[in-house]
Student: 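Please find one structure pasted underneath; my questions will follow.
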Amino acid sequence: MNRRRRIYEGKAKILYEGPEPGTLVAHFKDDATAFNNKKHEIVDGKGVLNNRISEYIFENLNAIGIQTHFIKRLNMREQLIKECEIIPLEIIVRNVAAGSIAKRLGLEEGTQLPRSVIEFCYKNDALDDPMVSEEHITAFGWASPQEIDDIMALAIRINDFLCGMFRAVGIRLVDFKIECGRHFEGDTMRVILADEISPDSCRLWDIDSNDKLDKDRFRQEMGGMLEAYQEVASRLGIHNINTEHKGTGPVLVK
Ligand code: UDP
């Protein structure tokens with residue numbers, strides 16, 4: 001059915017060749033995975049929500065001069081993006097202790113960290129994305145010292161923007177993960193934000209109730225994952241999300 005050339009398939013997205021050189025089409029799937037794919041389910045409509053939430057965030061980041069791979073949304077599940085060379089790191093920004101840092105450092109979940117903390121993991125499923133230091137990153141050539149500086153500056157700006165954006169709608173940004181890529185334009189290379197930012201890659205807690213509005217609902221088998229993602233979208237003012245699958249005809253999007 002799909003005549004485009006498939007470039008890559010990951011856990012949550014498929015990348016196809018784009019309509020013009022230097023572009024790709026990212027297709028958001030409904031697959032929910034956790035613990036490095038050991039837990040896997042299909043959550044109908046998740047791809048549509050993440051496509052839309054990530055579009056909203058990347059568009060806002062583009063608008064304040066943070067370079068991202070996002071060009072435009074094409075339909076409910078797909079967006080047009082700039083091709084870039086993914087740097088094999090998961091960059092985690094933390095504001096509040098949760099998940100692995102809470103375990104590692106013996107911190108109580110929900111403790112505000114003294115300042116925002118950036119961590120790097122080597123993107124390698126076979127190794128379970130181990131945490132690495134700047135020493136490892138430069139020694140193994142995954143990124144240069146200048147690129148690490150660029151990535152950290154980007155991560156801090158994104159964190160500041162997202163903290164404010166979510167706070168304004170009653171959500172606490174506990175932590176999130178980003179991925180960056182090298183984008184080439186003529187002779188110049190620039191580190192840009194790639195992948196996605198969505199409730200799949202963030203911890204989002206309701207400010208008043210501490211209710212989890214993110215993928216932890218799936219990881220911890222709490223139920224209500226899709227409803228939580230819908231809540232995030234609706235608080236951000238993202239409307240017209242048709243998450244139901246009715247028939248096979250085209251779906252009109254705004
Ligand atoms: N995260 C992610 N993909 C990963 C690992 C982590 O998107 O492969 C996100 C996760 O959703 C959370 C943040 O990065 O918002 C920090 O995750 P942590 O290191 O605490 O790992 P976890 O507790 O998920 O094992």
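Counting starts at 1 for both ligands and their atoms, in listed order. It should be emphasised that the depicted structure is a prediction, and the values quoted were computed from it without experimental measurement.
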Student: Between the side chains of E55 and K72, is the shortest nitrogen-to-carboxylate-oxygen separation below 4.0 Å, so that they form an ion pair?
Tutor: no
Student: With a 4.0 Å cut-off on heavy atoms, is D200 touching ligand 1?
Tutor: yes
Student: With a 4.0 Å cut-off, would you call R203 and D216 a salt bridge?
Tutor: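 Looking at R203 and D216, the cut-off is met.
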Student: Around atom 13 (C) of ligand 1, find the nearest protein heavy atom and jot down its residue, atom name and distance.
Tutor: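 In this structure, atom 13 (C) of ligand 1 has D175 OD1, 3.4 Å as its nearest protein heavy atom.
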Student: For ligand 1, note which part of C121 has a heavy atom under 4.0 Å away: side chain, backbone, both or neither.
Tutor: neither
Student: I would like to know whether K13 and D195 meet salt bridge (charged side-chain N to carboxylate O under 4.0 Å, His left out); could you show each step before the answer?
Tutor: CA-CA 9 Å; K13 291 189 291 297; D195 193 45; 2.9 Å; yes
Student: Run the numbers on D200 and Y229 for side-chain hydrogen bond (donor to acceptor under 3.5 Å, both in side chains), then give the verdict.
Tutor: CA-CA 9 Å; D200 265 8; Y229 285 32; 2.6 Å; yes
Student: With a 4.0 Å cut-off, strictly under, does atom 25 (O) of ligand 1 pick up any protein heavy atom?
Tutor: no
Student: Checking a contact table here: which protein heavy atom is nearest atom 6 (C) of ligand 1, and how many Å away?
Tutor: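 Going atom by atom, the protein heavy atom closest to atom 6 (C) of ligand 1 ends up being I92 CD1, 4.4 Å.
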Student: Quick check with a 6.0 Å cut-off and a 45 degree axis cone: is K39 positioned over the face of F218's six-membered ring?
Tutor: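 Judged by the rule, K39 and F218 form a cation-pi pair.
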Student: Going by heavy atoms, is R219 under 4.0 Å from ligand 1?
Tutor: yes
Student: Between E147 and R190 (salt bridge meaning N to carboxylate O under 4.0 Å), is one present in this structure?
Tutor: no
Student: Before giving the answer on side-chain hydrogen bond (donor to acceptor under 3.5 Å, both in side chains), spell out for Q146 and D149 the whole-Å C-alpha distance, their side-chain angles and the decisive distance to 0.1 Å.
Tutor: CA-CA 5 Å; Q146 178 62 55; D149 284 351; 5.0 Å; no
Student: Just to be sure I'm reading this right: ignoring hydrogens, which of S201, S100, G99 gets closest to atom 18 (P) of ligand 1? Compare them by their nearest heavy atoms.
Tutor: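 Comparing heavy atoms across S201, S100, G99, the nearest one to atom 18 (P) of ligand 1 lies in S100.
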Student: Any idea which part of D129 is under 4.0 Å from ligand 1, heavy-atom wise: side chain, backbone, both or neither?
Tutor: side chain
Student: Under 3.5 Å, side-chain donor or acceptor atoms of residues 80-91 against the rest of the protein: list the pairs with distances, not counting sequence neighbours.
Tutor:
{"from": "E85", "atom 1": "OE2", "to": "R182", "atom 2": "NH1", "distance (Å)": "2.8"}

Student: How does E119 reach ligand 1, if at all, at less than 4.0 Å between non-hydrogen atoms: by side chain, backbone, both, or neither?
Tutor: neither
Student: Is the closest heavy atom of R203 to ligand 1 under 4.0 Å?
Tutor: yes
Student: Pick whichever of K177, K11, E90 has a heavy atom sitting closest to atom 4 (C) of ligand 1.
Tutor: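 Going through K177, K11, E90 one by one, E90 has the nearest heavy atom to atom 4 (C) of ligand 1.
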Student: Applying a 4.0 Å heavy-atom criterion (strictly less than), which segment of R94 is in contact with ligand 1: side chain, backbone, both, or neither?
Tutor: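 Under 4.0 Å from ligand 1, R94 contributes side-chain atoms alone.
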